[in-house]
Enquirer: 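Take this structure, written in structure tokens, and hold onto it; I'll ask about it next.
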Amino acid sequence: MKTTIQPVKGMRDFYPEQMAFRNWLYGAIRKVSESFGYQEYEGPILEKIDLYAAKSGEELVKEQAFVFPDRGGDLITLRPELTPTLARLVAQRQNELAIPLRWWSFGPFFRYERPQKGRAREFFQWNIDLIGAGSTGADAELIAVCAVFLQKIGLTHEQVGVFVNDRRLMDSQLAAIGIQREMKQTAFRLIDRRDKMPAAEWEEYALASGLNGEQLGLLKEMLGDRALWQKSEHLVQIFAILEAIGVREYVSFDPQVIRGLDYYTGTVFEARDRAKEGRAILGGGRYDNLVEDVGGAPLPSTGFAMGDMMIAVILEKYGVLPDLVSLPAEVMVSVFDEESMVDAFALSTLVRSEGISVLCYPEAAKLSKQLKYADRIGIRLVLICGPDEKTAGMVTVKNLTNGTQQTFTRGSLGAALRKMLA
RNA sequence: GUGGCUGUAGCUCAAUGGCAGAGCACUUGACUGUGGAUCAAGGGGUUGUGGGUUCAAGCCCCAUCAGCCACCCCA
């Protein structure tokens, strides 16, 4: 094998086929985002490490982000997430912006992790946030955006669900069974991991974490209570709004959804396969302190992020990946011989001026080779202009779909092609 | 960061420690102005890389790199 330089580990190549999927996803995201009145924005790919040190959790950034010194010695990070950048953007122009803001973005992110199914070191992520609204309606809207999106791309509510919880509800419930502030983080972590280990092991882990037997029993009871959300006025209202929007069936209450990120302050949610296979497709929630933490005035916010890889895994699993045959052009102009090359380009321009995408075979070659090429790349119509046509001032159009061919004058060619392509 | 599996032609993969192969793809021809199908011929390899064992290594051993998968973690 020839020695080709290897790509950087975990970085992704997007051949036209993969690019077509990425753009399809981008399009679906844009459509849903804009239909809810959100505006697109983008931030820099590189940020100073300090931006993340503030809130994402220092360990997370140090161990799982690409960090390197620039020529001036500053520590630069390949952005591992967008929310801190968003908070910075808002904090910088807080007085000029019309709050609340509805913003969305789709772009590349990087994490220095070991690649595996549904995860690489480079990934594309959709971020969508409602900044400056602390209401229950704001939370409900984001959950609805997420449900509508899943529906739009062809996933049913039997296949996937959005699982919602509220950290404040969990706070009060934990307090009620005697788990106080300093134990809270431990308890959250415990709840988060319940499905990830065998029951007996989990209980052992719980006791080792400092819970007593009685608390463990109450905690289990609490986590098993699928109606617990009714104790939260906030969640009751969220479900009422989702009902009104028409996506209630996609959304379920799940007391075990906590989310790992420290900056969430209230509602938290994630979408996943109902079969509970694989990791979450997307995750988000309310973060009321982040803008303030990067130097702005306090602005309650809510939002979520979705990566491009996990959603692709799910779409494939349920067989709803779109058919994305990317055709380079509708028409190809063949080049009969060296002498007709110039005319072939002129012919291409004529067709192109009719608003039809067209490519010109780039060299004189045997007609069979050119037709074979056209067939392989999915061209529907091939124009042939050899000596016979040239003398008669005509152009032959060969239809590769059914094998027929017809000749036209140059003047009638455009209309004829449009008709055949319709 | 931990563990398992895998690296052989462009792709998918064969080859008891004993001549490196097949299918698909590609090129050419059958068909000098007509694609897909068929047939024939042809090109293509430092078996991921570096060491070691052996008369002999694609195969065994060590290291290393990469890919996949599962942990860890998840923004």
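Proteins get letters first, then strands, A, B, ... in listed order; numbering begins at 1 in each. Only heavy atoms go into these numbers, but all of them, side chains included; no hydrogens, no water, no symmetry mates. The shown structure was predicted, so the numbers you read here are calculated from the model rather than taken from an experiment.
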Enquirer: So, does the side chain of Arg119(A) form a donor-acceptor pair with the base of C73(B) at under 3.5 Å?
Expert: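 A donor-acceptor contact between them is present.
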Enquirer: Does C60(B) have a Watson-Crick or wobble mate here (both distances under 3.5 Å), and if so which one?
Expert: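 In the structure as shown, C60(B) has G52(B) as its Watson-Crick or wobble partner.
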Enquirer: Does any N or O donor sit under 3.5 Å from an N or O acceptor when you compare the side chain of Gln370(A) with the base of G33(B)?
Expert: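 Per atom types, no contact qualifies.
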Enquirer: For the salt bridge (charged side-chain N to carboxylate O under 4.0 Å, His left out) test, which of Lys220(A), Arg193(A), Arg194(A) pairs with Glu203(A)?
Expert: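 The option that passes is Lys220(A).
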Enquirer: Select base, sugar-phosphate, or nothing to describe what Gly10(A) touches, counting heavy atoms under 4.0 Å on all strands.
Expert: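 Since only primed, P, OP1 and OP2 atoms lie under 4.0 Å of Gly10(A), the category is sugar-phosphate.
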Enquirer: Please tell me which of Pro115(A) and Tyr373(A) maps to the more 5' nucleotide of RNA chain B, matching each residue to the nucleotide holding its nearest heavy atom.
Expert: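 Here Tyr373(A) is the residue nearer the 5' end.
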Enquirer: When both hydrogen-bonding distances must be under 3.5 Å and the geometry is Watson-Crick or G-U wobble, what is G1(B) paired with, if anything?
Expert: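 Base partner found: C71(B).
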Enquirer: Between the main-chain N or O of Leu383(A) and the side-chain N or O of Ser334(A), is there a donor-acceptor pair closer than 3.5 Å?
Expert: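 Yes, Ser334(A) side chain to Leu383(A) backbone: donor-acceptor pair under 3.5 Å.
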Enquirer: Using a heavy-atom cut-off of 4.0 Å across all strands, would you classify Phe109(A) as base, sugar-phosphate, or nothing?
Expert: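 Phe109(A): no heavy atom of the nucleic acid under 4.0 Å.
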Enquirer: At under 4.0 Å, does any side-chain N or O of Lys398(A) touch on OP1 or OP2 of G33(B)?
Expert: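 Lys398(A) to G33(B) OP1/OP2: no side-chain N or O under 4.0 Å.
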Enquirer: Quick check: does any side chain N or O of Asp70(A) sit under 3.5 Å from a backbone N or O of Asp74(A), one acting as donor and the other as acceptor?
Expert: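 Yes, Asp70(A) side chain to Asp74(A) backbone: donor-acceptor pair under 3.5 Å.
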Enquirer: Counting only side-chain N and O atoms of Lys117(A), is one of them less than 4.0 Å from OP1 or OP2 of C68(B)?
Expert: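 No.
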Enquirer: Is any NZ, NE, NH1 or NH2 atom of the basic residue among Asp273(A) and Lys317(A) found under 4.0 Å from an Asp or Glu carboxylate oxygen of the other?
Expert: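 Looking at Lys317(A) together with Asp273(A), the answer is yes, because their closest N to O distance falls below 4.0 Å.
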Enquirer: 5'-most contact on RNA chain B: Tyr112(A) or Ser368(A), nearest heavy atom basis?
Expert: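 Nearest nucleotide further toward 5': that of Tyr112(A).
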Enquirer: I want to verify a distance call: between A25(B), A75(B), U34(B), whose nearest atom is closest to the Arg111(A) side chain?
Expert: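 Minimum distance to the Arg111(A) side chain belongs to A75(B).
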Enquirer: Ion pair present between Arg111(A) and Glu122(A), side-chain N to carboxylate O less than 4.0 angstrom?
Expert: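 Salt bridge flag = no for Glu122(A) with Arg111(A).
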Enquirer: Suppose you measure atom C1' in U46(B) against the same atom in G58(B); what distance do you get, rounded to whole Å?
Expert: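 Approximately 12 Å lies between the C1' atom of U46(B) and that of G58(B).
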Enquirer: How close or far is atom C1' of A75(B) from atom CD of Glu47(A), stated in whole angstroms?
Expert: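 Answer to the nearest Å: 14 Å.
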Enquirer: Round to a whole Å and report the spacing from CH2 of Trp126(A) to C1' of A75(B).
Expert: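 One finds 16 Å between C1' of A75(B) and CH2 of Trp126(A), rounded.
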Enquirer: Categorize Arg259(A) for me: base, sugar-phosphate, or nothing, with a 4.0 angstrom heavy-atom threshold over every strand shown.
Expert: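 Result for Arg259(A) = sugar-phosphate.
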Enquirer: So what does Glu270(A) hit on the nucleic acid, given a heavy-atom distance under 4.0 Å: a base, only sugar-phosphate, or nothing?
Expert: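 Since no nucleic acid heavy atom lies under 4.0 Å of Glu270(A), the category is nothing.
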Enquirer: Any strand counts, and the cut-off is 3.5 Å on both contacts for Watson-Crick or G-U wobble. Which nucleotide pairs with G29(B)?
Expert: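 Answer to the pairing question: C39(B), which forms a Watson-Crick or G-U pair with G29(B).
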Enquirer: Side-chain N or O of Arg114(A) versus OP1/OP2 of C73(B): is the shortest distance under 4.0 Å?
Expert: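 For Arg114(A), the contact criterion (side-chain N or O under 4.0 Å from OP1 or OP2 of C73(B)) is not met.
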Enquirer: The side chain of Leu367(A) lies closest to which of these nucleotides: C68(B), C73(B), U34(B)?
Expert: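 Nearest to the side-chain atoms of Leu367(A), counting from C-beta on, is U34(B).
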Enquirer: Which base sits across from G45(B) as a Watson-Crick or G-U pair, both distances under 3.5 Å?
Expert: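 Partner of G45(B): none found under 3.5 Å.
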Enquirer: Starting at CG of Leu78(A) and ending at C1' of A75(B), how long is that distance when rounded to a whole Å?
Expert: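 From Leu78(A) CG to A75(B) C1': 14 Å.
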Enquirer: A66(B), A25(B), G33(B): which one has an atom nearest the side-chain heavy atoms of Lys9(A)?
Expert: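 Of the candidates, A66(B) comes closest.
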Enquirer: Please report, rounded to the nearest Å, how far the P atom of A37(B) is from the CG atom of Leu371(A).
Expert: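 From Leu371(A) CG to A37(B) P: 14 Å.
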Enquirer: If C24(B) has a Watson-Crick or G-U wobble mate with both distances under 3.5 Å, name it; if not, just say none.
Expert: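 Its partner is G10(B).
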Enquirer: Do the side chains of Lys48(A) and Asp50(A) get close enough for a salt bridge, i.e. N-O under 4.0 angstrom?
Expert: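 Here Lys48(A) does not pair with Asp50(A) in a salt bridge, since their nearest N and O are not under 4.0 Å apart.
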Enquirer: What nucleotide among G33(B), C26(B), A75(B) has an atom nearest to a side-chain atom of Tyr264(A)?
Expert: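 For the Tyr264(A) side chain, the nearest candidate turns out to be A75(B).
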Enquirer: Check each residue of residues 402-419 of chain A for a non-hydrogen atom within less than 4.0 Å of any atom in RNA chain B, then write out the ones that pass by number, or none.
Expert: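 Of all residues in residues 402-419 of chain A, the ones placing a heavy atom under 4.0 Å from RNA chain B are Gly403(A), Gln405(A).
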Enquirer: Which nucleotide sits closest to the side chain of Gln125(A): A75(B), G33(B), C73(B)?
Expert: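 The listed nucleotide nearest to Gln125(A)'s side chain is A75(B).
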Enquirer: Ile384(A) near the nucleic acid: base, sugar-phosphate alone, or nothing, with a heavy-atom cut-off under 4.0 Å?
Expert: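 Base: the residue Ile384(A), judged by heavy atoms under 4.0 Å, touches a nucleobase.
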Enquirer: Rounding to a whole Å, what distance do you find between Arg193(A):CZ and C72(B):C1'?
Expert: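 It is 8 Å, rounded to the nearest whole Å.
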Enquirer: Distance alone, cut at 3.5 Å: any donor-acceptor contact between the side chains of Ser340(A) and Asp337(A)?
Expert: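 There is such a pair between these side chains.
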Enquirer: If you compare every side-chain N and O of Gln116(A) against the phosphate oxygens of C68(B) (OP1, OP2), does one of them come in below 4.0 Å?
Expert: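 The answer is no; no side-chain N or O of Gln116(A) sits under 4.0 Å from OP1 or OP2.
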Enquirer: For G17(B), give the paired nucleotide (Watson-Crick: N1-N3 plus N6-O4 or O6-N4; G-U: N1-O2 and O6-N3; both under 3.5 Å), or none.
Expert: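 For G17(B), the partner nucleotide comes out as none, under the 3.5 Å rule.
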Enquirer: Within this structure, what is the CZ-to-C1' distance between Arg380(A) and G36(B), rounded to whole angstrom?
Expert: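 Between C1' of G36(B) and CZ of Arg380(A): 17 Å.
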Enquirer: Given G35(B), C26(B), A75(B), which nucleotide is nearest the side-chain atoms of Gln64(A)?
Expert: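 From the listed options, A75(B) comes nearest.
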Enquirer: Let me know the distance between CE of Met309(A) and P of C73(B), rounded to the nearest Å.
Expert: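 Spelled out: CE on Met309(A) to P on C73(B) is 21 Å.
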